[in-house]
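FYI, the numbering just counts along the sequence from 1. Keep in mind that the numbers below use all heavy atoms, side chains included, and drop hydrogens, waters and symmetry copies.
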Amino acid sequence: ISLCGLSHGTMGGGELPGLLVNEIGGRHGILHSHLAFLKKHFYLITMKDFLESKEHMSKKVQAIYLWWHKPVIDRELLQSLPNLKVIANSGVGMDHLDLKLIASFGVKMANAPHAVSTSTADTGMALLLASARRLVEGCHIAISSGTEHCEADFLGVEVTGATLGIIGMGRIGYKIALRAKAFEMKILYHNRTRRKEQEEQAVGATYCEKIDNLLQQADFVMVVVSLTPQTRKLIGKREMELMKPTATLINISRGAVIDQEALVTALQTGTIRAAALDVTYPEPLPRLDHTLLKLKNIIITPHLGIKTDKATYMITEEAVENILAALNGVPMPSEVLPS
């Protein structure tokens with residue numbers, strides 16, 4: 001869909017600031033339901049429009065809104081946008097961006113931590129419950145044409161009273177702890193920094209300074225960290241061997257945080273009971289020959305973490321708030337600085 005000429009407007013007598021987006025709709029496009037809101041504030045330019053008339057468009061672009069990691073931000077694009085002030089990302093993870101490169105062009109960056117935390121925490125709990133009670137396998141049995149009865153020993157594991165180990169107790173991790181408390185779970189957590197005592201007490205969480213202590217005790221291990229060089233393959237062969245053979249590994253962070261080859265072996269050999277992944281590496285996994293797709297003791301969802309109507313709209317609202325702050329020279333609520 002081409003937007004040239006569709007979103008002219010005025011702000012203080014001038015033209016609205018130009019916002020570059022990948023596309024409208026489609027796989028990597030902003031959602032149609034967000035269009036009216038965005039067009040109140042910006043003159044929208046799609047990558048197609050931009051590439052078709054670069055000379056005319058390059059000076060208009062003052063901001064970029066990334067939806068599902070697109071458009072790709074590289075040196076060539078940054079060099080072609082002399083008036084670019086800010087890039088807003090539609091999520092928390094910034095591992096797809098070269099933050100130092102962007103900052104070297106004097107461009108500010110923002111993510112959307114507030115909008116995504118609730119829906120991602122819900123996804124984490126949904127995966128925990130679905131894996132514990134073998135819901136996906138159970139669904140296949142219930143709808144299979146050959147099913148006459150469900151075997152008496154088709155059993156799941158109890159969630160109430162079980163121990164949940166949360167690796168990464170940021171905003172999302174803490175919301176998972178709140179949900180787990182309602183399920184009467186014992187909660188352990190490992191984080192770079194310890195939470196305040198009253199925050200721990202509010203959810204009944206116990207801090208594990210060493211990740212090994214958490215892995216050895218937890219019935220469910222939920223990974224909720226950002227992908228950084230330090231967290232890449234954070235959970236590998238050694239870590240899975242520390243886990244209980246009855247334990248379940250749940251990942252709602254980034255695929256590369258878990259060593260997938262080691263995970264395949266752990267699931268095949270009974271080193272751990274099961275896994276539930278909302279993220280993989282790559283996404284999606286290769287269709288033909290990836291072993292994870294053939295295992296029964298795993299649930300894989302297609303990165304559904306933030307995909308609710310409310311969360312996605314809140315992400316766009318948060319992005320707009322950050323972009324307008326940057327364009328008006330006031331502090332951005334969710335600015336991300338290169339480390």
Side-chain angles (χ1 to χ4, degrees), residues 22-23 25-29 31 47 66-74 90-91 93 95-97 119-120 123-124 126-147 150-151 154 156 220-229 231-241 243 245 247-308 312:
N22 194 53
E23 59 182 338
R27 228 177 112 202
H28 296 292
L31 302 177
M47 276 301 286
L66 297 180
W67 190 260
W68 225 239
H69 300 184
K70 294 288 191 290
V72 173
I73 307 296
D74 55 20
S90 62
D95 48 279
H96 54 293
L97 293 170
S119 56
T120 308
T123 300
L127 285 170
L128 186 155
L129 293 164
S131 182
R133 301 308 302 270
R134 299 172 72 179
L135 292 190
V136 175
E137 275 183 274
C139 175
H140 289 153
I141 291 167
I143 65 174
S144 166
S145 58
T147 297
C150 183
E151 297 298 333
F154 182 82
F220 298 89
V221 173
M222 184 137 12
V223 188
V224 204
V225 296
S226 301
L227 178 61
T228 65
T231 62
R232 192 172 288 276
K233 294 194 177 179
L234 177 71
I235 308 297
K237 181 175 185 285
R238 186 190 80 86
E239 288 73 25
M240 290 178 218
E241 284 174 353
M243 290 169 65
T248 302
L249 180 61
I250 301 147
N251 187 11
I252 55 169
S253 55
R254 286 289 185 267
V257 168
I258 289 177
D259 181 337
Q260 279 183 176
E261 285 178 27
L263 178 61
V264 166
T265 305
L267 290 170
Q268 286 175 326
T269 57
T271 304
I272 63 173
R273 171 189 167 268
L277 314 175
D278 190 40
V279 286
T280 56
Y281 186 77
E283 285 175 13
L285 291 169
R287 293 295 91 184
L288 293 173
D289 57 351
H290 206 288
T291 318
L292 279 182
L293 301 176
K294 301 180 180 124
L295 298 175
K296 275 191 172 176
N297 54 342
I298 191 166
I299 294 172
I300 303 174
T301 50
H303 208 142
L304 296 177
I306 59 167
K307 287 189 173 175
T308 70
T312 50

To the nearest 0.5 Å, what is the distance between NZ on Lys70 and CE on Met47? 11.0 Å
Can you check whether His69 reaches His28 side chain to side chain, under 4.5 Å on heavy atoms? no
Within a strict 4.5 Å, meaning less than it, do heavy atoms of the Phe220 and Leu129 side chains meet? no
Under 4.5 Å between any side-chain heavy atoms of Gln260 and Lys233, yes or no? no
State, yes or no, whether a side-chain contact exists between Leu263 and Ile272 at a heavy-atom distance under 4.5 Å. yes
Side-chain touch Trp67/Leu31, heavy atoms, less than 4.5 angstrom: yes
Got a donor-acceptor contact below 3.5 angstrom from the Thr147 side chain to the Ala142 backbone? no
Quick one, Pro71 and Leu66 - any side-chain contact, counting heavy atoms below 4.5 Å? yes
Quick one: are Lys307 and Pro302 in side-chain contact, heavy atoms under 4.5 Å? no
Is there a side-chain contact between Arg287 and Leu293 in this structure, where contact means two heavy atoms from C-beta onward sitting under 4.5 Å apart? yes
Out of curiosity, Arg254 CZ to Thr231 OG1, how far, rounded to the nearest 0.5 Å? 10.0 Å
To the nearest 0.5 Å, how far apart are CG in Asn297 and CG in Leu267? 4.5 Å
Do Thr301 side-chain atoms and His303 backbone N/O form a donor-acceptor pair below 3.5 Å? no
I need the single residue from Ile252, Ile300, Thr120 that forms a side-chain contact (heavy atoms from CB on, under 4.5 Å) with Asp278. Which is it? Ile252
Starting at CD1 of Ile235, measure out to CE of Met240 and round the result to the nearest 0.5 Å. 7.0 Å
Enter the distance from Leu127:CG to Ile299:CD1 here, rounded to the nearest 0.5 Å. 6.5 Å
Derivation and outcome, side-chain hydrogen bond (donor to acceptor under 3.5 Å, both in side chains), residues Ser226 and Thr228: CA-CA 6 Å; Ser226 301; Thr228 65; over 6 Å; no
Atom pair CG/CG of Leu249 and Leu277 - distance to nearest 0.5 Å: 7.0 Å
